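What follows is a short report on a single structure.
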Amino acid sequence: MTTCNRLYDGLLRARVDDGRPFLRLPDGQVWSYAQTLAHARQLARVLAGQGVRPGDRVLVQVKKCPHALCIYLASIYLGAVYLPLNTAYTRNELEFFATDAEPALIIVDPSQRDAATTIGAKVMTLDAAGGGDLAAAAEAEPDDFEPVSRAPDDLAAILYTSGTTGRSKGAMLTHDNLLSNALTLTEAWRFTADDVLIHALPIFHTHGLFVATNIILAAAASMIFLPKFDANTIFENLPEATSLMGVPTFYTRLCDDPRLTADAVAHMRLFVSGSAPLLAETFAAFEARTGKWILERYGMTETNMITSSPYDGERRAGTVGFPLPGVAVRIADGETGEVGVIEVKGPNVFTGYWRMPEKTAEEFRADGFFITGDLGRFDDDGYLHIVGRAKDLVISGGFNVYPKEVETEIDALAGVLESAVIGLPHPDLGEGVTAVVVKHPGADVTAEAILMEIGQRLARFKQPKRIIFAEALPRNAMGKVQKSLLRKAHQKLYLNAQGLDSA
Ligand code: MLC
Ligand code: AMP
């Protein structure tokens, strides 16, 4: 083979005839590397037959299953641009992404076929058991496919992140962005072919797709591939595993479980947390129960992973460790110890937002550093502390929710004068999405009615867990809503509450 395709060359080429296990499923099924890649090549043939060409977007909104992962791998073979979407997104949201990205092919659950067909692109289907017309078509194909050459700067994926203005932006990630980060992390976290990772994250975001999956591929290791996080299944599978990656909610839920003991995790060599702040209390509670330090890392869809706690040496609670090798991190206009916006530059950093050159230009400094919108400081030992966000963003159970997007939906409802959406400390999700709503005088609007209306348009995780009615929103002299005052006024809402229904 004479191809040059960085992800294929870096992650797949050496695995082609490899009989070692790649995926272990809860029902005992095992997918070897050879079998997985053979299926990916069959899928690549199907996609090519549907007219997908190098550089074309393949939009995928399907349940987590081995076949779904194979679509990602097929996109690499084909040189297509993989565009996964959260399965929680509504039809309305799917329509937006499909219109913006203009995919050559949309792959959805069979139950969504009709909705997707109205969007206008070609549609194929896949369900969690491998049913639907995609896998069936693949089975009829030979399993050879020559990987398409791609330059290191060619796009491999687009992942949408919502914008602070409410408009979602597609982060364009190249072969080099993904491969450089995967190789750096594999080395930093010492992954080898002997590792078995418990994979309980979704595969439509950076954490579950690029961090977890690409590392496993790079190391020729295997993963116990679970449909979602469930504490029982995690404890059942712990004896077979060496490592776990999760959002902080995974760790608070594990800490709440009496089965979490030093014995239960004695053979585990690594617990990784990221995508949202890991509270120092959770780090300490986990250590007290197990004797293990969680390794925390910090990243973004746009940048892949930026920093990590050290593998050897002190993993300091409340910090996200040091910049990864090859990644430059600085605090804007800051001296050591001062708080400022975190900026980053390196081969891991994306090339820009899909068809949004002005937005892209706004988020980069002239010298190429990307402005993360997170506030941080380096301590005297060089550990990075994330102390807040300059951007208006709520992170609920590791999912980003942009208040502006939710406010726009609520404000459009009859009887609503205005709203402010904030994140409040939540014992399970880290932050609970909360809406403070001001009604028009005399309007008869209830929390239930608001939730029902926006439920048609916004994914479940974006919907407020509580709605609080107020007479007015606090504003500063410039007329800007003072969300910090709202957060302060309601900070105990979920910490005192028994139920999480709307108030
Ligand atoms: C589910 N629900 C959520 C939610 N997840 N609501 C708010 N926030 C969330 N994160 C909804 C469900 O639809 C359900 O609604 C109700 O809340 C209770 O669900 P649950 O059974 O308790 O939730 P569960 O399925 O257990 O999911 C929780 C979770 C999951 C934390 C395990 O959300 C998860 O896997 N999160 C990981 C997200 C992730 O991968 N982030 C990485 C982004 S990449 P109802 O009312 O219908 O019952 C990134 C870059 C980086 O950020 O640095 O990594
Ligand atoms: P996303 O846009 O989904 O990629 O989310 C990226 C954001 O998640 C970052 O900008 C941070 O605000 C947050 N994040 C990721 N990892 C961490 C972490 N370890 N600690 C605190 N925040 C984090």
Side-chain angles (χ1 to χ4, degrees), residues 64 84 86-89 159-164 168-169 171 173 181 185 199-212 226-234 245-254 272-280 282-283 294-309 318-321 341-344 348 350 363 370-376 384-402 423 426-434 451 455 458-465 494 499-502:
K64 182 177 177 182
N86 192 328
T87 44
Y89 286 157
L159 262 57
Y160 274 87
T161 71
S162 293
T164 38
S168 286
K169 301 166 292 182
L173 295 150
N181 212 234
L185 293 173
H199 190 302
L201 288 159
I203 52 168
F204 44 72
H205 277 319
T206 296
H207 198 162
L209 185 62
F210 301 139
V211 181
L226 304 175
K228 60 176 285 217
F229 177 88
D230 169 68
N232 291 332
T233 326
I234 301 284
M245 291 182 194
V247 295
T249 300
F250 283 25
Y251 294 103
T252 51
R253 289 186 184 181
L254 292 177
V272 177
S273 176
S275 307
L278 180 76
L279 295 180
T282 312
F283 179 92
I294 296 171
L295 179 150
E296 186 166 5
R297 95 302 181 279
Y298 159 59
M300 274 183 90
T301 303
E302 288 91 332
T303 62
N304 296 287
M305 297 307 102
I306 303 170
T307 71
S308 169
S309 306
T319 81
V320 292
V341 175
I342 300 166
E343 299 183 348
V344 56
N348 50 312
F350 78 140
E363 314 250 335
F370 174 70
I371 305 163
T372 63
D374 293 308
L375 293 170
L384 181 65
H385 299 238
I386 298 181
V387 299
R389 294 176 205 132
K391 54 193 172 191
D392 193 13
L393 162 69
V394 179
I395 306 184
S396 166
F399 285 140
N400 286 6
V401 180
Y402 281 86
H426 189 290
D428 182 42
L429 298 169
E431 291 178 271
V433 177
T434 310
L451 290 175
L458 291 177
R460 182 76 189 89
F461 70 90
K462 297 179 188 170
Q463 297 167 29
K465 297 284 176 201
Y494 299 108
L500 300 176
D501 46 335
S502 55

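Throughout, residue positions are numbered sequentially from 1 according to the sequence presented. Being a predicted model, the structure only gives us computed values, none of them experimental. Numbering of ligands and ligand atoms starts at 1, following listing order.
Counting protein heavy atoms only, atom 21 (O) of ligand 1 is closest to Lys228 NZ, 3.9 Å. Closest to atom 11 (C) of ligand 1, if we only count protein heavy atoms, is Lys465 NZ, 3.9 Å. Regarding atom 16 (N) of ligand 2, its nearest protein heavy-atom neighbour is Ser275 N, 3.1 Å. At the shortest separation from atom 41 (N) of ligand 1 among protein heavy atoms lies Gly398 O, 2.9 Å. For atom 17 (C) of ligand 2, the closest heavy atom belonging to the protein is Ala276 N, 3.6 Å. Nearest to atom 9 (C) of ligand 2 among the protein's heavy atoms is Asp374 OD2, 3.3 Å. Here the protein heavy atom with the shortest distance to atom 37 (C) of ligand 1 is Gly397 O, 3.4 Å.
The shell of residues lying under 4.0 angstrom from ligand 1, judged by heavy atoms, excludes Lys462. In this structure, Gln463 has no heavy atom closer than 4.0 Å to ligand 1. By the 4.0 Å heavy-atom criterion, Gly274 is excluded from the residues contacting ligand 1.
Annotation for Pro84 and Ile203: closest pair CB-O, 4.4 Å, computed over non-hydrogen atoms. The minimum heavy-atom distance between Ile234 and Leu226, with the atom names listed, is CD1-CD1, 4.1 Å. Met305 and Met300 get closest at one heavy-atom pair: CE-N, 4.3 Å. When all heavy atoms of Tyr494 and Val433 are compared, the closest pair comes out as OH-O, 3.3 Å. When all heavy atoms of Leu278 and Ser273 are compared, the pair lying nearest together is CD1-OG, 3.7 Å. Counting all heavy atoms, side chain and backbone alike, Val394 lies closest to Arg389 at CA-NH1, 4.1 Å.
Checked against the 6.0 Å centroid criterion, the rings of Phe399 and His205 qualify as a close aromatic pair. You'll find the ring centres of Phe283 and Tyr251 outside the 6.0 Å limit.
Interface atoms of ligand 2 facing Glu296, defined by a heavy-atom separation under 4.0 Å, are 18 (C), 19 (N), 20 (N). For ligand 1, the atoms closer than 4.0 angstrom to any heavy atom of Phe229 are 32 (C). Every atom of ligand 1 with a heavy atom of Gly299 under 4.0 Å away is listed here by number and element: 53 (O). Interface of Thr249 with ligand 1, defined as ligand atoms under 4.0 Å from a residue heavy atom, comprises 31 (C). If you number the atoms of ligand 1 from 1 as listed, the ones under 4.0 Å from a heavy atom of Pro202 come out as 35 (O), 37 (C), 40 (O). Under a 4.0 Å criterion applied to the non-hydrogen atoms of Phe461, ligand 1 contributes the atoms 3 (C), 4 (C), 6 (N), 7 (C), 8 (N), 9 (C). Those atoms of ligand 1 with a heavy atom of Leu201 less than 4.0 angstrom away are 40 (O).
In this structure, a donor-acceptor pair under 3.5 Å is absent between the side chains of His385 and Thr319.
For ligand 2, the polar-atom distance check against Asn400 finds a nitrogen or oxygen pair separated by under 3.5 Å. Inclusion of Tyr402 in the set of residues having an N or O under 3.5 Å from an N or O of ligand 2 is not warranted. On a distance-only criterion, Thr301 and ligand 2 share at least one N/O pair closer than 3.5 Å. Taking any N or O of Lys391, backbone or side chain, at least one lies under 3.5 Å from an N or O belonging to ligand 2. For a threshold of 3.5 Å applied to N or O pairs, the pair formed by Phe399 and ligand 1 contains no separation below that value. At under 3.5 Å, not a single nitrogen or oxygen of Tyr298, backbone or side chain, sits near a nitrogen or oxygen of ligand 1. Here's the thing with Thr301: none of its N/O atoms is less than 3.5 angstrom from an N/O atom of ligand 1.
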Exercise. Any chance you could lay out the side-chain contact (heavy atoms from CB on, under 4.5 Å) test for Glu302 and Phe370, step after step, and finish with the verdict?
Key: CA-CA 9 Å; Glu302 288 91 332; Phe370 174 70; 3.8 Å; yes
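Taking each of Arg460, Arg253, Met300 in turn, the one with a heavy atom nearest to atom 46 (O) of ligand 1 proves to be Arg460. Nearest-heavy-atom check against atom 15 (C) of ligand 2 across Gly299, Pro277, Gly274 picks out Gly299. Distances from atom 13 (C) of ligand 2 to the heavy atoms of Thr161, Ile395, Val401 show the closest one on Ile395. Across the listed options Ser396, Pro227, Gly430, Pro464, Ser396 owns the non-hydrogen atom lying nearest to atom 8 (N) of ligand 1. If you check each of His207, His426, Glu302, Arg297 against atom 53 (O) of ligand 1, the one with the closest non-hydrogen atom is Arg297. Closest heavy-atom approach to atom 52 (O) of ligand 1 within the set Ala276, Gly432, Ser275: this belongs to Ser275.
With Thr249 contributing its side chain and Val247 its backbone, the two residues share no donor-acceptor pair below 3.5 Å. Asp374 contributes no side-chain N or O that, together with a main-chain N or O of Ile342, makes up a donor-acceptor pair within less than 3.5 Å.
Of all the heavy atoms of Leu278, none lies under 4.0 Å from any atom of ligand 2, so neither backbone nor side chain is involved. When non-hydrogen atoms are compared, ligand 2 lies under 4.0 Å from neither the backbone nor the side chain of Ser273. By the criterion of a heavy-atom distance under 4.0 Å, neither the backbone nor the side chain of His205 is placed next to ligand 2.
Note that CD1 of Ile306 and CG of Leu384 are 8.5 Å apart. Values are rounded to the nearest 0.5 Å.
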